[in-house]
Amino acid sequence: MPSEDRLPIYELADDLVAALRDPAGSRRLILQAPTGSGKSTQVPQMLLDAGLLGERGRVVVLQPRRLPARMLAARVARERDTTLGQEVGYRIRLDNVTSARTRIEYVTEGILLRQMLGAPSLGGVAAILFDEFHERHLYGDITLARALGIQETTRPDLQLIVMSATLETGTLEKYLAPCRTLVSRGRTFPVTTEYLPRPAPFDRIPAWELAAEELARLAAAHPAGDALVFMPGAYEISRTLNEIRHHPRLGQWLARPLHGELPPAEQDAAVAVYPGRRKVVVSTNVAETSLTIDGVRLVIDAGLARVARFDPYRGINTLLIEKISRASADQRAGRAGRTAPGHCLRLWTEAEHADRPAQETPEVGRLDLAEVVLTLKASGVDDVYNFRWLEPPGRRSLDRAELLLRDLGALDRATGRISAVGRQMLTFPVHPRYARMLLAARERDCVRPVALLAALTQSRNLFTRSEGRKMDEDRDDLLGAEHESDFFLLMRAFRFAENSRFDPGRCRRLGIHAQGARQAAELFAQFLDIEQKHGGNPDAQKDHGRDRSEDIRRCVLVGFSDQLARRLDEGTLRCQLVGNRRGTLARESAVGKARLIVAAEVREVQQRGDELNTLLSLATAVEETWLQEMFPDDLGATEEVFFDDTARRVMVRRQRRFRDLALDEKLSDDPPKEGAAALLAEEVLAGRCPLKNWDAAVEQWIARLNALSHWMPELGLVPIGPDDRRALIEQLCYGATTYKAIKERAVWPAVRAWLSPQQQAWIDEYAPERIEMHTARGPRKVKLTYPEPGDGAPPVLAARIQELYDVTGSVKVAAGRVPVVIQVLAPNHRPIQVTQDLANFWRESYPKHKAELQRKYPKHEWR
DNA sequence: GAGCACTGC
């Protein structure tokens with residue numbers, strides 16, 4: 001049974017200290033300890049108290065989230081009876097509560113990575129503790145990799161301890177080798193797990209119905225404690241709440257939603273304790289790691305989550321519903337055992353469970369790596385492909401990141417090394433796109449608005465989800481009409497929030513997140529501060545008599561030129577983007593009428609019926625003339641000649657392009673003559689536009705020519721091959737642009753002109769169309785058929801047996817060189833025999849057939 | 001039912 005006084009981690013204290021103190025040791029340690037072991041608060045103190053930090057060294061405890069960083073620091077300070085910020089402190093973005101005397105500091109992941117950029121040998125840091133490493137955040141991965149490098153080069157004394165709750169440690173051990181692994185127990189209560197007996201028919205019964213039904217069943221069997229239901233998103237949560245609230249057997253339950261978009265007051269309401277009532281919280285992934293809810297003893301898990309991914313092939317973010325991993329399901333189940341033994345129902349079968357992935361894909365394998373790649377390049381890692389990744393990202397992800405950084409000018413085009421611009425960009429702690437925008441703003445003296453714009457995109461969505469027409473209208477009334485950029489609407493909303501001193505009530509009426517606006521204000525201040533420190537003057541708004549809106553929008557274009565889009569048609573939201581992508585402009589976008597826009601967000605989401613839709617949001621209207629001025633090298637024109645199947649004519653499509661995106665398109669029917677002839681010839685050859693006069697006789701003539709060129713090479717005849725045929729037809733089509741114009745054109749003159757009159761005469765002589773034969777009824781001209789394509793196969797003569805009685809020798813063409821193949825036909829024109837040697841036929845074959853033929857056709861003459 | 005999980009510098 002877990003006890004309050006003695007944390008399980010103490011059992012490891014001696015081993016831990018011994019391992020780190022070992023002079024022959026590697027100073028690398030993996031600490032596998034589940035939630036509640038006390039590792040986050042106790043291990044740093046063990047290091048300090050055992051003297052492992054030296055005289056004045058610090059231990060940095062890396063945290064994935066800000067709130068726990070602060071809370072843990074406060075708790076440890078309390079345990080050690082000191083003021084926060086003295087011996088124990090924390091550093092998170094915009095909040096540094098440490099001092100020169102600080103020995104234990106809780107730091108969020110991004111902060112340490114930034115620190116490594118400025119001070120690569122990490123002076124003063126004796127040890128780094130990577131807490132919650134199993135969550136595998138991007139910055140955690142990179143920070144560990146860099147820390148290993150630092151330890152191997154300038155800081156062999158640096159101690160690295162990787163702490164992880166559920167991680168399968170095999171790959172990590174290999175990665176850190178040589179290292180030691182210590183394992184500790186947790187301090188949670190047992191949780192029993194139950195699966196569905198058979199797969200849930202989610203196509204017929206939605207997950208929310210099933211969850212409510214199962215809650216009613218389990219509520220009776222487990223009479224104590226609160227419940228937690230995991231759903232993938234806000235929509236599913238609201239449906240589940242609806243089911244629960246209307247369920248006849250769940251009337252006494254208090255049901256509360258919990259997800260990140262919720263205002264803080266409602267989040268508090270979900271976490272709060274309601275004495276005397278049973279509570280069910282329906283939550284997204286927030287409750288899996290970020291928030292803990294005390295008193296939960298029952299978990300119902302739909303097993304789904306919306307997972308963000310970046311598709312490096314298309315350069316599109318996706319946010320699709322996926323099945324969670326086994327590790328994630330265990331983490332969710334554990335939420336039932338924090339205060340007492342609990343129970344977890346998984347809405348899938350045990351067999352299905354075995355098929356799920358063991359772990360979630362780490363962020364490094366699914367997110368946009370542009371920012372991380374730039375950071376690595378700044379640290380001297382020129383070849384990011386061969387960086388010491390714990391798990392290397394896909395090649396395409398790195399390609400895509402480098403491509404974007406090159407487009408932004410952050411990397412040298414030729415060498416791929418970081419450029420001066422790239423280094424300047426890194427002074428701003430934002431995605432490279434926004435950093436680049438801020439640099440562009442410096443040149444245009446509009447840093448202030450662009451800094452605000454950048455700040456507004458970093459915090460959670462400033463606008464709450466629309467809650468009906470009324471709020472939309474109020475918002476429109478107050479914020480005014482906007483046609484140039486969605487960013488401008490955000491900025492106005494921010495100004496409103498600021499003027500109302502971030503009052504949650506006033507903001508909420510307009511659907512504005514007061515908290516989000518407050519965070520944006522802090523970021524805004526940070527960006528302006530950085531600008532000032534680097535010699536800029538954010539208030540240098542010299543008035544050049546220019547349109548401020550235009551300056552700002554041009555900056556947006558600099559950061560997102562690869563997400564330029566053109567409206568496909570007026571009145572539609574469908575857009576064509578650079579990079580051969582398509583998307584739909586968000587319906588609430590203010591720039592609904594602009595023809596050219598840049599979208600700061602391109603995201604693929606699931607629509608009703610699981611259909612996928614690429615959604616363009618945070619859009620800004622841009623002008624084509626800007627492209628000309630700002631990206632002259634990326635503009636071009638194309639001219640495409642094509643055959644219009646319905647009009648049956650050759651047309652020209654002339655486009656002006658920005659990279660591969662057509663800016664406009666003009667169709668005309670004045671194609672260049674060569675191009676038109678070639679396309680018409682193509683249609684003729686494919687049989688879609690037959691030439692009336694290119695008949696069987698023409699084909700036979702070509703076959704004769706080709707055959708004769710084989711049989712009698714001394715004549716010097718040039719055969720008509722497939723290419724020549726194409727050239728001939730092209731020549732026939734020359735000057736025309738429509739099928740109508742070529743359909744009736746004369747063919748013979750052009751084909752015949754292939755040969756000189758002398759050569760034409762040879763064809764008639766040596767490969768004649770008809771040949772004279774002495775039949776029983778006298779001489780007769782019989783037609784020869786030359787097999788196509790005329791590669792030397794002999795011509796065929798078909799004749800009824802009675803016509804052949806007097807023909808004994810073989811019939812020959814090509815000056816007697818090529819015996820004609822004779823098809824001997826019965827009176828019904830069915831072939832009896834095919835032969836080049838008629839004499840042999842009369843002698844060997846004919847006698848065998850004669851009797852039967854005579855019986856069948858008694859009226860014919862049979863010799 | 002319109003179309004959105006969670007963090008972090």
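In this text, all values refer to a predicted model and were calculated from it rather than measured experimentally. Letters A, B, ... mirror the listed sequences (proteins, then strands); counts begin at 1. Values below: all heavy atoms of this structure, side chains included; hydrogens, waters and symmetry mates excluded.
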Colleague: Are the ring centres of A:Phe560 and A:Tyr434 closer than 6.0 Å?
Modeller: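 Distance test on ring centres: under 6.0 Å, yes.
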
Colleague: Using a cut-off of 4.0 Å on non-hydrogen atoms, how would the nucleic acid contact of A:Ile111 be classed: base, sugar-phosphate, or nothing?
Modeller: sugar-phosphate

Colleague: Strictly below 4.0 Å: does A:Thr284 bring a side-chain N or O up to OP1 or OP2 of B:dC6?
Modeller: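 So the side chain of A:Thr284 is within the cut-off, an N or O lying under 4.0 Å from OP1 or OP2 of B:dC6.
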
Colleague: Please state how far atom CD in A:Glu109 lies from atom C1' in B:dT7, giving the value in whole angstrom units.
Modeller: 9 Å

Colleague: Please determine whether a side-chain nitrogen of the Lys or Arg among A:Glu105 and A:Arg91 lies less than 4.0 Å from a carboxylate oxygen of the Asp or Glu.
Modeller: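 Salt bridge flag = yes for A:Arg91 with A:Glu105.
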
Colleague: Could you tell me which residues satisfy ring-ring contact (aromatic ring centres under 6.0 Å, His included) with A:Phe130, sequence neighbours excluded, listed by chain and number?
Modeller: none

Colleague: What residues form a side chain to side chain contact (heavy atoms under 4.5 Å, CB included) with A:Glu288, not counting sequence neighbours?
Modeller: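 A:Phe230, A:Asn285, A:Ser328, A:Gln331, A:Arg332.
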
Colleague: So that I can tick it off, tell me whether A:Asp330 and A:Arg346 are bridged by a salt bridge, with the cut-off set at under 4.0 angstrom between side-chain N and carboxylate O.
Modeller: yes

Colleague: Taking donor-acceptor contacts at under 3.5 Å, does the side chain of A:Gln458 reach the base of B:dG8?
Modeller: no

Colleague: Ignoring backbone atoms, test whether A:Thr289 places a side-chain nitrogen or oxygen under 4.0 Å from the OP1 or OP2 oxygen of B:dT7.
Modeller: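 Result: no.
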
Colleague: Measure from the side-chain heavy atoms of A:Arg587 and tell me the nearest of B:dC6, B:dA2, B:dC9.
Modeller: B:dA2

Colleague: Listed by chain and number, what are the side chain to side chain contact (heavy atoms under 4.5 Å, CB included) partners of A:Glu604, not counting sequence neighbours?
Modeller: A:Arg314, A:Ile316, A:Thr318, A:Leu320, A:Leu612, A:Thr614

Colleague: Looking across every strand, which nucleic acid part, if any, lies under 4.0 Å from A:Arg65 by heavy atom: base, sugar-phosphate, or nothing?
Modeller: sugar-phosphate

Colleague: Using atom CG of A:Leu426 as one end and atom P of B:dG8 as the other, report the distance to the nearest whole Å.
Modeller: 21 Å

Colleague: Got a sec, which residues hit side chain to side chain contact (heavy atoms under 4.5 Å, CB included) with A:Arg306, two or more places apart in sequence or on another chain?
Modeller: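 Result, side chain to side chain contact (heavy atoms under 4.5 Å, CB included) vs A:Arg306: A:Pro232, A:Glu236, A:Leu319, A:Ile321.
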
Colleague: Taking only the side-chain heavy atoms of A:Leu615 (C-beta and beyond), determine which of B:dG8, B:dC4, B:dC6 contains the nearest atom.
Modeller: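 Of the candidates, B:dC4 comes closest.
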
Colleague: Atom CG of A:Asn96 to atom C1' of B:dC9: distance rounded to whole Å?
Modeller: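 Taking CG of A:Asn96 and C1' of B:dC9, I get 14 Å after rounding.
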
Colleague: Scan for salt bridge (charged side-chain N to carboxylate O under 4.0 Å, His left out) pairs involving residues 510-529 of chain A, sequence neighbours excluded, and state none if there are none.
Modeller: A:Asp529-A:Lys533

Colleague: Less than 4.0 angstrom between a side-chain N/O of A:Arg114 and OP1 or OP2 of B:dC9, yes or no?
Modeller: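 The answer is no; no side-chain N or O of A:Arg114 sits under 4.0 Å from OP1 or OP2.
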
Colleague: Report the distance from atom CG of A:Asn317 to atom P of B:dC4, rounded to the nearest whole Å.
Modeller: 15 Å

Colleague: Check each residue of residues 138-150 of chain A for a non-hydrogen atom within less than 4.0 Å of any atom in DNA chain B, then write out the ones that pass by number, or none.
Modeller: A:Tyr139

Colleague: I need the CE-P distance between A:Met425 and B:dC9, as an integer number of Å.
Modeller: 19 Å

Colleague: Using a cut-off of 4.0 Å on non-hydrogen atoms, how would the nucleic acid contact of A:Glu371 be classed: base, sugar-phosphate, or nothing?
Modeller: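 If one applies the 4.0 Å heavy-atom cut-off, A:Glu371 turns out to touch a base.
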
Colleague: Looking for any heavy atom pair under 4.0 Å, which part of the strands does A:Ala305 touch: base, sugar-phosphate only, or nothing?
Modeller: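 Since no nucleic acid heavy atom lies under 4.0 Å of A:Ala305, the category is nothing.
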
Colleague: Using whole Å, what does the distance between atom P of nucleotide B:dC9 and atom OH of A:Tyr434 come to?
Modeller: 18 Å

Colleague: Whole angstroms only, please: what is the CD-P distance between A:Gln63 and B:dG8?
Modeller: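 Nearest whole value for this atom pair: 10 Å.
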
Colleague: Do A:Arg66 and B:dG8 share a donor-acceptor pair, side chain to base, under 3.5 Å?
Modeller: no

Colleague: Of all the nucleotides listed (B:dC9, B:dC6, B:dC4), which has the minimum atom distance to the side chain of A:Ser290?
Modeller: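 It is B:dC6.
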
Colleague: On DNA chain B, check which nucleotide each of A:Pro429 and A:Ala308 is closest to and give me the residue with the more 5' one.
Modeller: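 Checking each residue's closest nucleotide, the 5'-ward one belongs to A:Ala308.
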
Colleague: Expressed in angstrom and rounded to an integer, what is the separation of A:Glu288 atom CD from B:dA5 atom P?
Modeller: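 Distance, rounded to whole Å: 15 Å.
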
Colleague: Identify, between A:His431 and A:Arg306, the residue whose nearest nucleotide on DNA chain B lies closer to the 5' end.
Modeller: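 Checking each residue's closest nucleotide, the 5'-ward one belongs to A:Arg306.
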
Colleague: NA contact type, A:Val307, heavy-atom cut-off 4.0 Å: base, sugar-phosphate, or nothing?
Modeller: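 Nothing, no nucleic acid heavy atom in range.
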
